Novice: 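After the structure tokens below, expect a handful of questions from me.
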Number of protein chains: 2
Amino acid sequence: MEKKNYTSQDVAEVAGVSQSTVSRVFAGNTNVSEKKRKKILAAAEKLGYKPNAHARSLITRKTMMIGIVMRNIRNPFYSAVLEIFHNRFSALGYHLIFINSENEEIQESEVTQLLEYNIEGVIITDALLSSSASEKFKRHGIVVVLFNRYTEQLESSAVFCDNYLAAKQIATYLVELGHQSFAFVSGPSDTSTTIDRLKGFKEVLQERGITNLMIEPGNYTFESGFKAAQELMTRNKNIDCIFCGNDIIALGVMDAIRTIGLRIPEDVSVVGFDNIRMAEWPSYSLTTWEQPLEEMVDKTVELLVSEIGDTNAQPQIVMMKGHLVVRNTVKSRK
Amino acid sequence: MEKKNYTSQDVAEVAGVSQSTVSRVFAGNTNVSEKKRKKILAAAEKLGYKPNAHARSLITRKTMMIGIVMRNIRNPFYSAVLEIFHNRFSALGYHLIFINSENEEIQESEVTQLLEYNIEGVIITDALLSSSASEKFKRHGIVVVLFNRYTEQLESSAVFCDNYLAAKQIATYLVELGHQSFAFVSGPSDTSTTIDRLKGFKEVLQERGITNLMIEPGNYTFESGFKAAQELMTRNKNIDCIFCGNDIIALGVMDAIRTIGLRIPEDVSVVGFDNIRMAEWPSYSLTTWEQPLEEMVDKTVELLVSEIGDTNAQPQIVMMKGHLVVRNTVKSRK
DNA sequence: GTGTAAAATGAATACGCATTCATTTTCTAT
DNA sequence: ATAGAAAATGAATGCGTATTCATTTTACAC
């Protein structure tokens, strides 16, 4: 059993044609007679020939590779994101190089590796993009699109939910249902999602003259939500609603509250963000904000692909809406 | 702002040396004088040069790329698996091409694409490997290691938990606590995990002369667990324990049972498999079997890397143990 | 200083393919 | 049948690198 990787030259010899013609067949070039095409395909089949993507990319300058950088793949929201991105890119013939950034910021070495592979674009989800990294990508003509994030400098395109507006609507909803004492469990304080969600929430409360808002830091994990809720409820027993930076925090918050012996929503209302699948599990049945995940991914892919084709495209910011999904974790207190 | 991708030739000209010498520096070859090395690095820095991985792989015949095929990334077990695999391979300088197989079996087109990229190895997790695909990989000298799976023909290495033994111990545990009426919610019936877990469970019951075992099909999702439990409990109200094919099924089963109005573990005991993080969430506190995830990944990586280096390595089967994690979903009925 | 071994260097080449350009073959209109 | 256009083909070339081989430079012992 041979393990040799056959080349287009080998196929050409078996088929009795030139290497050029073999190449034309596999590049989808139409200028090949049907007779030779069949001969070539037969020879290729016999040899088990497949084109070498690396040699090809050297000439075409297309690698059909996209980098996707995530930090918290264990957050079900991002598992779903990854799945959908894969489906979309796969359909377009692109391949995904998966990078799980262990640190908040994407690391230099990770950037370098992506550069060496000449990826055509990169999607940054819940990791931070340093301006140094951003510049490197730009310098090498690699398209960057931020997903569920944006940077102030608007140096790369970004697709995200209007977190500010969503938080305002959630706050309004809670206020109008008669809640009095508010708490917010945040994600990392340097992420745009956290900043905007807090900002919108705070603003509405201020407008309504409500001052008792407690803010507890979290990091978008169940454990941080659990701890935050314990902390909050011991510091202030009057809290009657908690807005959580994301769903996974909300689940932790709910478990903590129940562990203390309080009931949801009778004693405390809880609202999440994302609408991950678990939010609708009967144990939680969480009222939350649904991000239009599929549409966000679609738009991201669309932006990325179009910018790959266009060397001097301008960065675009796409903000989506989403909507409140009412389940059973909020109670009217009027 | 130039967007040109500079080559080793460009660096050579700036540094006043030959292309060979530049290549030597970036390939880590030591035969370069310190003086020229510095000049070259300075020139490379100035130009923003980076080696081209594709051109390099053409010569070295090493792509440093590994394919990882998963089917159900939304199962938290596999999110964790992906994260750990990435960490390990990243440390070794390998890159991960992520494939989310939408079908049970890895598709021909996916195999072809991986082949064209000359990946050095592929890890198949919860997808099925057709013998046609397996043969293709083998034919092209691509190492295959199955993770949490194996095939009867032993044509590729595999790392998995001893599901048969684990299921036997779980069955024994339940029997000795005095349970009388058993149910099993399975995964897809053609996976080795399902087959072995069912086999071990069944055998112990037979040994003990217990015949009332109900088997309900599932597919390793929450929804399937939920539905299965509804079905089981309406068909047979006496069931006092349910062994679930994996944790995510178990969570669905628990929610269904509680929705019906029964209590866990007072009315029904539930046991899962995997020990995903959610299993220890207070809402569930699931008794389950822990798979030694990190060790399994480590072993898989070790096997893969060693087989990459050794063209005629023999397939190895590595079976690990794991252990029961007792929480609060099983009650003694004696 | 000379002679020799070792280290450093550059020219040339190959990796596998797509593409350009020149040439040959086939097709169409008359 | 023949001119002319169109299609098909092959030879040659280059993508960016690592590596071999021959040559030059340096280091070292005497």
Side-chain angles (χ1 to χ4, degrees), chain A residues 3-41 43-44 47-65 112-113 115-120 140-141, chain B residues 3-41 43-44 47-65 112-113 115-120 140-141:
Chain A
K3 271 199 182 174
K4 179 166 166 22
N5 275 321
Y6 292 100
T7 70
S8 55
Q9 182 60 46
D10 297 323
V11 176
E13 282 164 18
V14 172
V17 298
S18 73
Q19 180 268 327
S20 318
T21 308
V22 175
S23 171
R24 285 191 183 97
V25 169
F26 283 92
N29 190 317
T30 49
N31 284 342
V32 178
S33 68
E34 204 49 41
K35 208 177 72 182
K36 297 215 170 175
R37 175 191 305 276
K38 275 192 180 144
K39 261 191 176 174
I40 289 169
L41 288 177
L47 259 41
Y49 166 79
K50 51 167 190 41
N52 180 318
H54 305 283
R56 172 179 285 172
S57 81
L58 219 47
I59 298 183
T60 61
R61 300 181 167 285
K62 292 195 138 295
T63 58
M64 299 307 281
M65 290 178 14
T112 306
Q113 289 174 5
L115 289 179
E116 292 187 0
Y117 277 95
N118 277 0
I119 56 164
E120 299 187 31
H140 289 281
Chain B
K3 271 198 180 174
K4 180 166 165 26
N5 275 319
Y6 292 100
T7 71
S8 55
Q9 182 61 44
D10 297 324
V11 175
E13 281 164 19
V14 172
V17 299
S18 72
Q19 180 269 327
S20 317
T21 308
V22 175
S23 171
R24 286 190 182 99
V25 169
F26 283 92
N29 191 315
T30 48
N31 283 342
V32 177
S33 67
E34 203 50 41
K35 209 176 70 181
K36 299 214 169 177
R37 174 189 306 277
K38 275 191 180 145
K39 261 192 176 173
I40 289 169
L41 289 177
L47 259 40
Y49 167 77
K50 51 168 189 40
N52 181 318
H54 305 282
R56 174 179 283 171
S57 80
L58 218 48
I59 299 185
T60 60
R61 301 180 167 283
K62 292 195 137 295
T63 58
M64 300 307 280
M65 288 176 19
T112 306
Q113 289 174 4
L115 289 179
E116 291 187 359
Y117 277 96
N118 277 358
I119 56 164
E120 300 187 31
H140 290 282

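Here is how names work: the chains are called A, B, and so on, in the same order as the sequence lines, proteins then strands, and each is numbered from 1. None of the values given here were measured: they were computed from a predicted structure.
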Novice: If I take atom OH in residue B:Y117 and atom P in nucleotide C:dG16, what distance separates them, rounded to the nearest angstrom?
Specialist: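 In whole Å, C:dG16 P and B:Y117 OH are 18 Å from each other.
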Novice: If you measure only the distance, is there a donor-acceptor pair under 3.5 Å linking the side chains of A:S23 and A:S20?
Specialist: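 Side-chain D/A pair, A:S23 to A:S20: absent.
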Novice: Quick one, B:R56 and B:M64 - any side-chain contact, counting heavy atoms below 4.5 Å?
Specialist: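 Of all side-chain heavy-atom pairs linking B:M64 with B:R56, none is under 4.5 Å.
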Novice: Just how far, in rounded Å, is C1' of C:dC17 from NZ of A:K62?
Specialist: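 Taking NZ of A:K62 and C1' of C:dC17, I get 17 Å after rounding.
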Novice: Do B:Y6 and B:S8 touch side chain to side chain, with heavy atoms closer than 4.5 Å?
Specialist: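 Not touching, per the 4.5 Å side-chain cut-off.
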Novice: Is any side-chain heavy atom of B:L58 closer than 4.5 Å to one of A:N52?
Specialist: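 A side-chain contact exists here, since the closest heavy-atom pair is under 4.5 Å.
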Novice: Give the B/S/- string for nucleotides 13-23 of chain D, one per nucleotide from 5' to 3', where a protein heavy atom under 4.0 Å of the base yields B, of only the sugar-phosphate yields S, and otherwise -.
Specialist: -BBBBBBB---
Novice: Taking CG from A:D10 and P from C:dA14, how many angstroms apart are they, rounded to a whole number?
Specialist: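 Distance check: A:D10 CG to C:dA14 P gives 16 Å.
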Novice: Which whole-number value in Å describes the distance from A:K35 NZ to C:dT24 C1'?
Specialist: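 Distance, rounded to whole Å: 14 Å.
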Novice: Just checking B:K50: does its NZ atom have more than 12 heavy atoms from other residues, nucleotides or ligands closer to it than 6.0 angstrom?
Specialist: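 More than 12 heavy atoms, drawn from other residues, nucleotides or ligands, come within 6.0 Å of this atom.
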Novice: I need the minimum non-hydrogen distance between B:L47 and B:V14, along with the two atoms involved.
Specialist: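 Closest pair (atom of B:L47, atom of B:V14, distance): CD2-CG2, 3.9 Å.
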Novice: Do B:M65 and A:H54 come close enough that some side-chain heavy atom pair is under 4.5 Å?
Specialist: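 SC-SC contact between B:M65 and A:H54 confirmed.
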Novice: Between A:K39 and A:V17, is there a side-chain heavy-atom distance shorter than 4.5 Å?
Specialist: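 Side chain of A:V17 against side chain of A:K39, heavy atoms only: no contact under 4.5 Å found.
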Novice: Could you run down the sub-3.5 Å N/O contacts of the protein with nucleotides 5-8 of chain D?
Specialist:
{"unit_1": "D:dA8", "atom_1": "OP2", "unit_2": "A:N31", "atom_2": "OD1", "d": "3.2"}

